[in-house]
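What you see is a predicted model, and the numbers here were worked out from it, not measured in a lab. Quick note: residue numbers are just sequence positions, from 1.
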Amino acid sequence: MALSSPKCPSSSRFAPTPLHRLASPSNLRSQNLIFKRLPSLSFESPKDRRRGGVYMQEAATKAAPATEETPLNKIKDGILSKSSHLEVRDAVNFDTNTKESTVSITVVGASGDLAKKKIFPALFALYYEDCLPTHFTIFGYARTKMTDAELRIMVSKTLTCRIDKRENCNDKMEEFLQRCFYHSGQYDSEENFMALDKTLKEHEAGKQSNRLFYLSIPPNIFVNVVKCACTSASSANGWTRVIVEKPFGRDSESSATLTRSLKQYLEEDQIFRIDHYLGKELVENLSVLRFSNLIFEPQWSRQYIRNVQLIFSEDFGTEGRGGYFDNYGIIRDVMQNHLLQILALFAMETPVSLDAEDIRNEKVKLLRSIRPLQLEDVVIGQYKSHTKGG
Ligand SMILES: NC(=O)C1=CN([C@@H]2O[C@H](COP(=O)(O)OP(=O)(O)OC[C@H]3O[C@@H](n4cnc5c(N)ncnc54)[C@H](OP(=O)(O)O)[C@@H]3O)[C@@H](O)[C@H]2O)C=CC1
Ligand SMILES: O=C1O[C@H](COP(=O)(O)O)[C@@H](O)[C@H](O)[C@H]1O
């Protein structure tokens, strides 16, 4: 598979990106997948700071807004006016050399919140940094009826040149949008996935095809989609991988059931479970701060730190997520994944290396040594509706 991109940055922030690991969690992490609000991490409360604690406050990365520069009109006159897939494919000089491979990324649930807010912008960031293969195509898939042009308009509203503001950002956005297409279908219809397969093949133009399905959908339809994707739209001559967003079940038992169900159709190494919090800059930098900072490293111990607080706060309301919170709940939604991951990174011992397995092993050791919480250790509150500030 000719998937490596020599242009990929290889600094510690942007680790070398072998693109055959396009969907690897560490790769997505290294591409700073998530970028908006950051949690506050405090070693001590502000009040305790006077007594010598350290307090790290919100350090959100500001995305360079693309709005003033997004050439929506230009885009509309250009790519959005092209009607057929093949017309667009030709317009972007899609190479028909069969020796090279392609990657088709299908965002399942493309009409939803996560896709708009996070996935398309993250894919654009990868493109912007030349970290996508030469031949890639992105497909949005959902039940909502939409044209390619409508998808592009939707996506263009949330793209930002957040990594670094550069002169050619608008051109890059336009090029990126040219590679985005939309296919409407049901999540449990083999027939609809066969139609998707046909369209993907048109774009792959006989090259070796690798296919990635990003499940940006509620968990109750994960298995239906994986079944249809694997039986009717998997690659015939390359790899097929699936990225699954949390939540992975409600508890240990349902998580194991979900894994068993997915494994009816996929091998473990085709499944990539994402915790997007690990892509936050502050979270990514935690390990650097801990292990490479000569001031912090020797002091990162219970001898010197009295109290650690992990605070998750949002400055907006439920915003359409009410049903989800009611059914799933905020504790299951963020505590057992995002916040526990941060706790583990924060408190684990130094890993042998920064390889994913070594870090995971240290996290597991730490989690095994934590005294299980009892109900009496927990104070639970209930939000009430409010008209101001969420
Ligand atoms: N939003 C976020 O910030 C984050 C979300 N997640 C997780 O990612 C997944 C997707 O999240 P999000 O985009 O917010 O979710 P949405 O509720 O926006 O759902 C995504 C899409 O799935 C389809 N859909 C929604 N509900 C149903 C249903 N009951 N049956 C079938 N299809 C449905 C809709 O598309 P259509 O009707 O067009 O088919 C919708 O646009 C969830 O598992 C969520 O927990 C994880 C991290 C962050
Ligand atoms: O997983 C989730 O995380 C987001 C918060 O992440 P952020 O990157 O947007 O800060 C939260 O809003 C959402 O409800 C939850 O599902």
Colleague: Please say yes or no: joined through hydrophobic side-chain contacts below 4.5 Å, possibly via intermediate residues, are Val364 and Ile370 part of one cluster?
Modeller: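 Val364 does not cluster with Ile370.
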Colleague: Tell me whether Arg241 forms a cation-pi arrangement with Phe272, defined as NZ or CZ under 6.0 Å from the six-membered ring centre and within 45 degrees of its axis.
Modeller: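 No, Arg241 does not sit over the ring of Phe272.
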Colleague: Name the residue from Leu200, Val225, Thr137 that meets the side-chain contact (heavy atoms from CB on, under 4.5 Å) definition with Thr106.
Modeller: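 Result for side-chain contact (heavy atoms from CB on, under 4.5 Å) with Thr106: Leu200.
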Colleague: Short question: side chain of Ser234, backbone of Thr231 - any donor-acceptor pair under 3.5 Å?
Modeller: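 No, the answer is negative, given that no donor and acceptor are paired below the 3.5 Å cut-off.
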Colleague: Answer yes when Glu362 and Lys365 have at least one side-chain N-carboxylate O distance shorter than 4.0 Å, and no when they do not.
Modeller: yes
Colleague: Rounded at 0.5 Å granularity, tell me how far CG in Leu345 sits from CD1 in Ile359.
Modeller: 7.0 Å
Colleague: May I ask you to check whether over 12 heavy atoms, not counting those of Lys172, lie within 6.0 Å of atom NZ?
Modeller: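 Check passes, neighbour count above 12.
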Colleague: Please determine which of Glu204, His135, Arg211 meets the side-chain hydrogen bond (donor to acceptor under 3.5 Å, both in side chains) test together with Ser104.
Modeller: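 By the side-chain hydrogen bond (donor to acceptor under 3.5 Å, both in side chains) criterion, Ser104 pairs with just one of Glu204, His135, Arg211: Glu204.
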Colleague: Is a side-chain donor or acceptor of Glu245 paired with a backbone partner of Ser216 at a separation under 3.5 angstrom?
Modeller: no
Colleague: Considering all heavy atoms of both residues, which atom of Phe120 and which atom of Phe176 are nearest to each other, and what is their separation?
Modeller: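 Of all heavy-atom pairs spanning Phe120 and Phe176, the closest is O-CZ, 3.9 Å.
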Colleague: Is there a side-chain contact between Asp188 and Ile221, using heavy atoms and a 4.5 Å cut-off?
Modeller: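 They are not in contact (no side-chain heavy atoms under 4.5 Å apart), so the answer is no.
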Colleague: Is it true that atom CD of Gln264 has more than 12 heavy atoms of other residues, nucleotides or ligands lying nearer than 6.0 Å?
Modeller: yes
Colleague: Would you please indicate yes or no on a ring centroid separation below 6.0 angstrom for Tyr141 and Phe193?
Modeller: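 They qualify: ring centres under 6.0 Å apart.
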Colleague: Say whether Met335 and Ile342 are linked into one hydrophobic cluster, either directly or through other cluster members, by side-chain heavy-atom distances under 4.5 angstrom.
Modeller: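 Both belong to a single hydrophobic cluster.
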Colleague: Is the side chain of Asp251 donor-acceptor paired with the backbone N or O of Ser254 at a distance under 3.5 Å, no angle test?
Modeller: yes
Colleague: Set out, in order, the CA-CA distance, both residues' side-chain angles and the distance that settles side-chain contact (heavy atoms from CB on, under 4.5 Å) for Phe213 and Leu196, then state yes or no.
Modeller: CA-CA 12 Å; Phe213 293 87; Leu196 172 70; 4.1 Å; yes
Colleague: Please answer whether the main-chain N or O of Trp239 pairs with a side-chain N or O of Asn210 as donor and acceptor at a distance below 3.5 Å.
Modeller: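 Judged by distance alone, yes, a pair lies under 3.5 Å.
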Colleague: Given 3.5 Å as the limit, does a donor-acceptor pair link the side chain of Asp355 with the main chain of Glu357, or not?
Modeller: no
Colleague: CD of Glu191: more than 12 outside heavy atoms within 6.0 angstrom?
Modeller: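 No, because the 6.0 Å sphere around CD of Glu191 holds 12 heavy atoms or fewer from other groups.
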Colleague: When you measure from the centre of the six-membered ring of Phe181, is the NZ or CZ of Arg152 closer than 6.0 Å and no more than 45° off the axis?
Modeller: yes
Colleague: Okay, side chain of Asn192, backbone of Gln186: is any donor-acceptor separation there less than 3.5 Å?
Modeller: yes
Colleague: Can you check whether Arg332's main-chain N or O pairs, donor with acceptor, with Gln336's side chain at less than 3.5 Å?
Modeller: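 Answer holds: yes.
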Colleague: What's the separation between atom CD1 in Ile153 and atom CG in Asp148, rounded to the nearest 0.5 Å?
Modeller: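 Going from CD1 on Ile153 over to CG on Asp148, the span is 11.5 Å.
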Colleague: So with a 6.0 Å cut-off around CD of Glu349, is the heavy-atom count from everything else above 12?
Modeller: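 Not more than 12 within 6.0 Å, no.
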Colleague: Assess whether side-chain contact (heavy atoms from CB on, under 4.5 Å) is satisfied between Val242 and Leu266, documenting all intermediate values.
Modeller: CA-CA 9 Å; Val242 175; Leu266 297 162; 3.7 Å; yes
Colleague: What closest approach, in Å, do Ala236 and Ser209 show between heavy atoms, and which atom pair accounts for it?
Modeller: N-OG, 4.5 Å
Colleague: For residues Phe291 and Trp300, establish whether the separation of their ring centroids is below 6.0 Å.
Modeller: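 When the ring centroids of Phe291 and Trp300 are compared, they turn out to be at least 6.0 Å apart.
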Colleague: For a side-chain hydrogen bond (donor to acceptor under 3.5 Å, both in side chains) check, start with the C-alpha distance between Ser232 and Asp197, then their side-chain angles and the critical distance, and finish with the verdict.
Modeller: CA-CA 7 Å; Ser232 304; Asp197 180 64; over 6 Å; no
Colleague: So among Arg143, Met146, Lys145, Lys116, which one has a side-chain contact (heavy atoms from CB on, under 4.5 Å) with Ser111?
Modeller: Met146
Colleague: Does the Thr158 side chain pair with the main chain of Val155, one donor and one acceptor, at a distance under 3.5 Å?
Modeller: yes
Colleague: Give the C-alpha distance, both sets of side-chain angles, the deciding distance and a yes or no for salt bridge (charged side-chain N to carboxylate O under 4.0 Å, His left out) between Asp333 and Lys246.
Modeller: CA-CA 8 Å; Asp333 186 50; Lys246 63 90 189 162; 2.5 Å; yes
Colleague: Could you please spell out the steps behind the side-chain contact (heavy atoms from CB on, under 4.5 Å) verdict for Arg371 and Asp377?
Modeller: CA-CA 11 Å; Arg371 179 171 54 86; Asp377 298 321; 3.8 Å; yes
Colleague: With side-chain hydrogen bond (donor to acceptor under 3.5 Å, both in side chains) as the test, would you mind laying out the steps for Ser235 and Thr240 before giving the verdict?
Modeller: CA-CA 6 Å; Ser235 166; Thr240 301; 4.8 Å; no
Colleague: Hydrophobic cluster membership, with links at side-chain heavy-atom distances under 4.5 Å among I/L/V/M/F/W/Y: are Tyr182 and Met194 in one?
Modeller: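 No: no chain of side-chain contacts under 4.5 Å links Tyr182 to Met194.
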Colleague: What I want to check is whether the side chains of Glu175 and Tyr127 have a donor and an acceptor closer together than 3.5 Å.
Modeller: yes
Colleague: Flag the pair Arg273 and Glu268 as a salt bridge only when some basic side-chain nitrogen lies within less than 4.0 angstrom of an acidic carboxylate oxygen.
Modeller: yes
